[in-house]
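Here the structure comes first, spelled out in structure tokens, and everything after it is commentary.
All ligand and atom numbering here is 1-based and tracks the order in the structure.
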Amino acid sequence: MARRRQIYEGKAKVLYEGPEPGTLIQYFKDDATAFNNRKHAVISGKGVLNNRISEYLMTRLNEMGVPTHFVRRLNMREQLVYEVEIIPIEVVVRNVAAGSFAKRFGTAEGTPLPRSIVEYYYKSDELGDPMITEEHITAFGWASPQDLDDIVALSLRINDYMSGLFLGIGVKLVDFKLEFGRLYNEQGDMRIVLADEVTPDSCRLWDVQSNERLDKDRFRHDLGMVSEAYREVARRLGILPEGELVELKPQAGKDARPFAPKKAGEPVKDSGASSA
Ligand code: 5GP
């Protein structure tokens, strides 16, 4: 098979040239990084699960009218996406205090917020993704005021929809990070679409009953059972067809012990840094 041209390699994904102009192939790796790359590991099977979970969530979001870059899943680790001009901003929506928010404001993890809070971070590994405001975004021209209006409206719709979807399967959507891009049609018209991924790498997902973490915090804070937690999210979403995830085997070492996750509010190591 002819080697595909690699367009970009990120921490958890690789982008290749797509089969048609205006498309890309998004490949999900098993790599996990945290704390601005200071922590790295390979979590066997994570890429397969994230590919499926992002496919599922992007499809549901598309159906309820949120435009996304997702076209279709191609295989276990790859999906076809539209090529978009990525807006260099991470949009974080929070429903419950956790992570860098809990650290910044001294709020106990797990405290419900009076209303959903939208934050922006500038995508820059060198700078450690600094928090920014709308002023920075429009002054530096990263997005126009109109783009930002669309981004906030979409982010809040996504939050409402996904909060309900996850609550229906016994999961609290604590917070999440979104990325958006500009998609141009042949006439040159532009619209803002959801890009990147929506997975337990980019969302904090807690079991409603026990507050067990079912997301990347298990990796960030050495809670163990990382791929099992992602698998549990996929199972609850109903997207784990029998026999399909053959790559997922119990991992040796600490991931092999019985599932005994930490709960929200319990002390975790190095709670904080946003460069996830
Ligand atoms: P925090 O700012 O509390 O570290 O993160 C808030 C939310 O955004 C969490 O759900 C976290 O997973 C997500 N997030 C923040 N930065 C990144 C990032 O660089 N990559 C990914 N995958 N998720 C991030």
Side-chain angles (χ1 to χ4, degrees), residues 8-15 26-41 43 46-47 49-51 53-54 57-58 86-113 116-133 151 155-156 158-159 162-163 166 171-181 194-207 211-221 223 226 229-230 233 264-265 268-276:
Y8 170 82
E9 175 152 16
K11 287 169 266 185
K13 294 187 296 295
V14 186
L15 289 175
Q26 183 165 259
Y27 176 97
F28 287 79
K29 301 194 280 189
D30 281 344
D31 297 66
T33 63
F35 310 123
N36 208 13
N37 275 330
R38 277 179 282 130
K39 181 169 179 167
H40 174 262
I43 315 261
K46 178 173 83 76
L49 288 161
N50 278 351
N51 189 23
I53 293 169
S54 202
L57 294 172
M58 291 256 181
I86 286 286
I87 295 169
I89 294 164
E90 297 186 346
V91 180
V92 169
V93 183
R94 301 181 188 271
N95 299 308
V96 174
S100 70
F101 182 97
K103 191 173 183 189
R104 182 177 307 117
F105 295 106
T107 317
E109 282 219 316
T111 309
L113 298 175
S116 302
I117 293 178
V118 179
E119 297 173 347
Y120 311 100
Y121 296 83
Y122 178 51
K123 262 170 75 74
S124 165
D125 284 346
E126 301 82 71
L127 301 175
D129 296 348
M131 194 178 184
I132 52 174
T133 69
I151 286 170
S155 300
L156 293 174
I158 293 166
N159 184 43
M162 292 214 308
S163 293
F166 277 114
V171 172
K172 200 188 296 175
L173 179 61
V174 169
D175 58 33
F176 56 97
K177 183 265 301 179
L178 301 172
E179 294 186 27
F180 293 90
L194 178 64
D196 195 50
E197 65 178 297
V198 185
T199 66
D201 269 8
S202 59
C203 303
R204 280 198 177 91
L205 303 168
W206 294 359
D207 178 82
N211 279 338
E212 276 171 17
R213 286 104 191 273
L214 301 172
D215 56 59
K216 196 171 133 183
D217 271 354
R218 302 202 70 80
F219 164 71
R220 292 188 186 103
H221 304 307
L223 303 180
V226 183
Y230 284 46
V233 172
V268 288
K269 285 186 216 157
D270 196 5
S271 153
S274 153
S275 290

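For the pair R220 and ligand 1, a heavy-atom separation below 4.0 Å is found.
Listed by number with element, the atoms of ligand 1 under 4.0 Å from a non-hydrogen atom of V92 are 6 (C), 8 (O). For ligand 1, the atoms sitting less than 4.0 Å from at least one non-hydrogen atom of G99 are 3 (O), numbered in the order shown with element in parentheses. Residue D129 approaches ligand 1 through these ligand atoms, each under 4.0 Å from one of its heavy atoms: 19 (O). Atoms of ligand 1 lying under 4.0 Å from any heavy atom of S202, numbered from 1 in the order shown and given with element: 10 (O), 12 (O), 13 (C), 22 (N), 23 (N). If you number the atoms of ligand 1 from 1 as listed, the ones under 4.0 Å from a heavy atom of E90 come out as 16 (N), 17 (C), 18 (C), 19 (O).
Considering backbone and side-chain N/O of D201, one or more are found under 3.5 Å from N/O of ligand 1. At a 3.5 angstrom cut-off on N or O pairs, K11 does not count as close to ligand 1.
Salt-bridge annotation for R213 and E109: present, with a side-chain N of the basic residue lying under 4.0 Å from a carboxylate O of the acidic one. Of the charged side-chain nitrogens involved, none lies within less than 4.0 Å of a carboxylate oxygen, so that K216 and D201 do not count as a salt-bridged pair.
A search for ring pair (Phe, Tyr, Trp, His ring centres under 6.0 Å) contacts involving Y27 returns nothing, not counting sequence neighbours. Taking the ring pair (Phe, Tyr, Trp, His ring centres under 6.0 Å) definition, one finds that Y120 meets it with nothing, sequence neighbours left out.
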